[in-house]
Amino acid sequence: MVKIAPSILSANVLRFEDEIEALKKGGADYIHFDVMDGYFVPNITFGPQILKQAKSSINIPYDVHLMVEKPSIFIPWYAKAGADIITFHVEIKEEIISNIELIKSFGLKAGLSLKPDTDIDAIKPYIDMIDLILVMSVNPGFGGQKFNENTPNKIRQIKEMIGNRKILVEVDGGINNDTAKLCIDSGVDILVAGTSVFKDNNYDKNIKELKGE
Ligand code: DX5
Ligand code: ZN
């Protein structure tokens, strides 16, 4: 069964605690926590203090997506604040291996993400070190964008590359009931969804529909 990671980028930030609580009650498997540095992407989001308070209040796995140019600075902050999975982008200029090792040094799951235009070969050299691959189906930076139609195909190719390794495949951006189905049919393990979960107050219904229930 596919897992759902609602992206709190679309939550009401003034009611954060209630929002996360409602997502947990509604059947969310993870909370997708988008971190932006204003440099890797033209937007800024949530600092580690917010994660720390969320984690101490609501116990659910926190899936941290770092859209930052220098993960080596950010990883310790978010690891100490309570992240369960930390994912960063393969397009950064910093060294990849030492950042994966840094995440692992905190005992956390490490993920690598790729933008829609990045070839899956970019992930290959690190495949035996990672726990998760986050396939971006929009250009990172903002919620509410249109799903890139090549994504289901890319997910299939990534699944083939993974073979029998234990690596989760997660997709992020433009996920609604239709695009969710395409990704599920391609074998994705986790759907990130912002707009489609928060479109109205029925988080449980929206999560169920994304799962195809
Ligand atoms: C985009 C973020 C996504 C975003 C998805 O940069 O990484 O997690 O919140 O939002 P929707 O589901 O609205 O496309
Ligand atoms: Zn994200």
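Hydrogens, waters and symmetry mates play no part in the numbers below; they use all other heavy atoms, side chains included. We count residues from 1, following the sequence as given.
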Would you say [X]'s side chain and [Y]'s backbone share a donor-acceptor pair under 3.5 angstrom?
{"X": "T179", "Y": "N176", "value": "yes"}
{"X": "E21", "Y": "I58", "value": "no"}
{"X": "T87", "Y": "S113", "value": "no"}
{"X": "K3", "Y": "I190", "value": "no"}
{"X": "S196", "Y": "A193", "value": "no"}
{"X": "E170", "Y": "I133", "value": "no"}
{"X": "D37", "Y": "E69", "value": "yes"}
{"X": "D172", "Y": "V192", "value": "no"}
{"X": "N202", "Y": "D204", "value": "no"}
{"X": "S186", "Y": "L182", "value": "yes"}

Would you call the rings of F33 and Y62 parallel, tilted or perpendicular, taking 30° and 60° as the class edges?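 Taking Y62 first and then F33, their aromatic rings stand perpendicular (interplane angle over 60°).
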For the residue pair H65 and H32, categorise the inter-ring angle as parallel (less than 30°), tilted (30 to 60°) or perpendicular (more than 60°).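 Because their plane-to-plane angle lies in the 30° to 60° range, the rings of H65 and H32 count as tilted.
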Sub-6.0 Å ring centroid separation between F74 and F88: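 Aromatic pair excluded; centres sit 6.0 Å or further apart.
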With the 4.5 Å side-chain cut-off for hydrophobic clustering, are [X] and [Y] part of the same group?
{"X": "V35", "Y": "F142", "value": "no"}
{"X": "L168", "Y": "I158", "value": "no"}
{"X": "V90", "Y": "I167", "value": "yes"}
{"X": "Y39", "Y": "Y78", "value": "no"}
{"X": "V135", "Y": "I127", "value": "yes"}

Which heavy atom of [X] sits nearest a heavy atom of [Y], and at what distance?
{"X": "V2", "Y": "V188", "value": "CG2-O, 3.9 Å"}
{"X": "A81", "Y": "P48", "value": "CB-O, 3.4 Å"}
{"X": "F16", "Y": "I50", "value": "CE2-CG2, 3.5 Å"}
{"X": "P116", "Y": "K154", "value": "O-NZ, 3.1 Å"}
{"X": "C183", "Y": "I175", "value": "SG-CD1, 4.0 Å"}
{"X": "I207", "Y": "G26", "value": "CD1-O, 3.6 Å"}

Of E19, K25, K24, which meets side chain to side chain donor-acceptor pair (under 3.5 Å) against Y203?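 Checked E19, K25, K24 against Y203; only one passes side chain to side chain donor-acceptor pair (under 3.5 Å): E19.
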Flag yes if more than 12 heavy atoms outside [X] fall under 6.0 Å of its [atom1] atom; otherwise flag no.
{"X": "K52", "atom1": "NZ", "answer": "no"}
{"X": "E213", "atom1": "CD", "answer": "yes"}
{"X": "E149", "atom1": "CD", "answer": "no"}

Under a plain distance cut-off of 3.5 Å, with no hydrogens placed, do N99 and E94 share a side-chain donor-acceptor pair?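 Their side chains do contain a donor-acceptor pair, which is all the 3.5 Å distance test asks for.
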With distance as the sole criterion, is a donor-acceptor pair present between the side chains of N177 and E209 under 3.5 Å?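 Note: N177 and E209 side chains meet the donor-acceptor criterion.
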CA sep, side-chain torsions, deciding dist, call: D178, K181, salt bridge (Lys or Arg N to Asp or Glu O under 4.0 Å): CA-CA 5 Å; D178 298 331; K181 184 167 184 331; over 6 Å; no
A cation-pi test, strictly: NZ or CZ of K115 under 6.0 Å from the centre of the six-membered ring of F40 and no more than 45 degrees from its axis. Yes or no?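 Cation-pi check for K115 and F40: passes.
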Under 4.0 Å between a Lys/Arg side-chain N and an Asp/Glu carboxylate O for R165 and D128?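 A salt bridge links R165 with D128.
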Do [X] and [Y] come within less than 4.5 Å of each other through their side chains, counting heavy atoms only?
{"X": "F147", "Y": "V138", "value": "no"}
{"X": "L114", "Y": "H89", "value": "no"}
{"X": "D131", "Y": "I85", "value": "no"}
{"X": "Q53", "Y": "E17", "value": "no"}

Audit row: D34, T45, side-chain hydrogen bond (donor to acceptor under 3.5 Å, both in side chains) steps and yes/no: CA-CA 7 Å; D34 284 311; T45 56; over 6 Å; no
Working to the nearest 0.5 angstrom, can you tell me the gap between I73 CD1 and L102 CG?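 Taking CD1 in I73 and CG in L102, the distance rounds to 11.0 Å.
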Nearest-0.5 Å distance that lies between atom CD1 in I123 and atom CG in L112: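 Taking CD1 in I123 and CG in L112, the distance rounds to 4.5 Å.
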K211 and D29: CA distance, side-chain angles, deciding distance, salt bridge (Lys or Arg N to Asp or Glu O under 4.0 Å) verdict: CA-CA 11 Å; K211 285 189 178 179; D29 299 286; 3.4 Å; yes
Passes salt bridge (Lys or Arg N to Asp or Glu O under 4.0 Å), K109 versus D63? Steps please. CA-CA 9 Å; K109 285 197 159 68; D63 166 36; over 6 Å; no
